[in-house]
Amino acid sequence: MSVLASVAQPEATWLERSHDFGPLMEQDGKVTCHMRLTNTGTKPLIIVKAQAGCGCTAVTYPESPIQPGDTVAVGITYNPSGRPGQFTKQVLIFTNTIPRRTILETSGNVIPTAATLDKQYPLSAGSLRISQPTLPLGEIIRGKNKTEFMSAYNASTDTILVSVTGGNDHLRPALVPDTVPPARVSALTVHYLSGKAPLWGLNTDTLTITCRPLRQPSTATAGTADVQVMAQVIESFEDLTEGQRHDAPVASIDCGERLDFETIQATTTVTRSFTITNKGKDELMIRRLWVPDGEGITVTANRTEIKRGKSANVTVTVDTSRQQGDLLNVPLTVMTNDPVTPRLTIRLVGIIE
């Protein structure tokens with residue numbers, strides 16, 4: 001009797017473990033499939049719990065014991081609302097059998113409504129819709145690398161070819177796959193090598209994405225779109241020793257937080273200057289002097305390496321014809337290797353008559 005009791009157990013035999021919904025119209029709402037489970041064992045089988053991978057998927061199952069020889073159905077419902085493109089979702093079913101866990105999988109391809117397409121893929125390159133016009137990478141410590149992704153959707157009923165240009169030494173883009181069937185997604189991968197970035201602080205690069213039909217004639221249209229990639233390349237001082245911090249350079253600016261041009265005439269070019277002095281021990285490096293583009297302002301320094309106790313003279317030239325309104329109020333960012341204040345902001349101010 002003990003031998004018979006030890007081998008008597010439930011056994012789960014799944015008649016289906018996957019289901020492809022195929023093309024789904026988002027506007028049609030939720031869809032449901034059923035996967036059947038037979039207890040081919042000799043004791044009652046119990047579905048202990050079901051676990052969906054995300055909130056877009058719901059599972060229903062019988063909570064009462066499944067007797068030997070009986071077959072039941074597990075229902076899996078997918079909500080396509082706001083989720084255009086191809087999907088694959090997994091559901092975990094836990095039972096009192098060995099093995100305890102079973103993976104069920106659903107897949108499909110959601111055809112979006114026009115409203116969802118405009119919201120989630122606002123940028124167009126012909127029939128290719130792109131998820132965002134900019135890709136901000138945030139702060140990256142110089143020498144570190146970072147990878148980010150964005151998606152592009154084929155909104156046509158024909159297959160298209162896609163490509164991306166604009167890569168360089170510090171920016172490596174790729175579109176995969178480059179052949180995109182109707183209502184499918186391609187991923188734009190951007191790999192950023194900050195050690196090769198040309199500037200400290202903000203770097204902006206332009207990637208051009210191109211779409212063209214695979215065959216002619218076609219319902220798909222060709223086109224291009226630009227995506228701006230932005231990264232703040234910064235310096236890390238976390239690994240400095242106590243001695244290095246004691247001997248570190250110290251940037252001191254003689255104009256404080258404001259460089260006042262006072263009253264200046266419109267449609268003229270005016271110049272002011274200030275000094276940056278190194279009050280530390282090690283050499284002070286001016287990494288970058290930066291003002292926003294389009295303001296008609298240029299900034300130059302007579303040196304970028306400043307020894308202990310020495311100064312650099314910084315010249316600021318303003319073309320007032322490029323200024324909007326009668327007030328000058330533009331930030332100038334000074335980036336150095338001073339570990340305490342690596343970035344200082346000076347407001348360039350004045351009245352334009």
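Residue numbers count from 1 along this sequence.
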Take E139 and R343, measure what salt bridge (charged side-chain N to carboxylate O under 4.0 Å, His left out) needs, and give me the verdict at the end.
CA-CA 13 Å; E139 291 187 343; R343 279 183 285 191; 3.0 Å; yes
Less than 6.0 angstrom from the centroid, inside 45 degrees of the normal: does R36 satisfy that with respect to the ring of W14?
no
Taking the six-membered ring of F94 as reference, does the cationic atom of K49 (NZ for Lys, CZ for Arg) lie under 6.0 Å from its centre and within 45° of its axis?
yes
For residues 53-78, dump all side-chain donor-acceptor pairs below 3.5 Å to protein atoms at least two apart in sequence or in another chain.
{"from": "T71", "atom 1": "OG1", "to": "T38", "atom 2": "OG1", "distance (Å)": "2.7"}
{"from": "T77", "atom 1": "OG1", "to": "T32", "atom 2": "OG1", "distance (Å)": "2.7"}

Co-members of L161 in a cluster of I, L, V, M, F, W and Y side chains, linked at under 4.5 Å:
L214
For I351, the rest of its hydrophobic cluster, which grows through side-chain links under 4.5 angstrom:
L327
Verify the neighbour count for atom CZ of R212: are there more than 12 heavy atoms of other residues, nucleotides or ligands below 6.0 Å?
no
Pairing of [X] and [Y] as salt bridge, 4.0 angstrom limit:
X    : Y    : value
K89  : E105 : no
E305 : R287 : no
D169 : K196 : no

Polar contact flag, side-chain donor to acceptor under 3.5 angstrom, S218-D158:
yes
Under a 3.5 Å cutoff, is there a donor and acceptor pairing between the side chains of H19 and T106?
no
Evaluate the criterion salt bridge (charged side-chain N to carboxylate O under 4.0 Å, His left out) for residue pair R129 and D118; output intermediate values, then yes/no.
CA-CA 9 Å; R129 301 295 293 264; D118 290 340; 2.8 Å; yes
Apply side-chain hydrogen bond (donor to acceptor under 3.5 Å, both in side chains) to T221 and S127, showing your working.
CA-CA 5 Å; T221 58; S127 292; 3.2 Å; yes
Using the side chain to side chain contact (heavy atoms under 4.5 Å, CB included) rule, take N109 and F87 through it: C-alpha gap first, then chi angles, then the decisive distance, then the call.
CA-CA 6 Å; N109 194 6; F87 69 89; over 6 Å; no
Donor-acceptor pair, distance only, cut-off 3.5 Å: does the side chain of [X] make one with the backbone of [Y]?
X    : Y    : value
D319 : T269 : no
S131 : S151 : yes
Q132 : T134 : yes
D338 : A251 : yes

Single hit among N203, D205, L193 for side chain to side chain contact (heavy atoms under 4.5 Å, CB included) with L171
D205
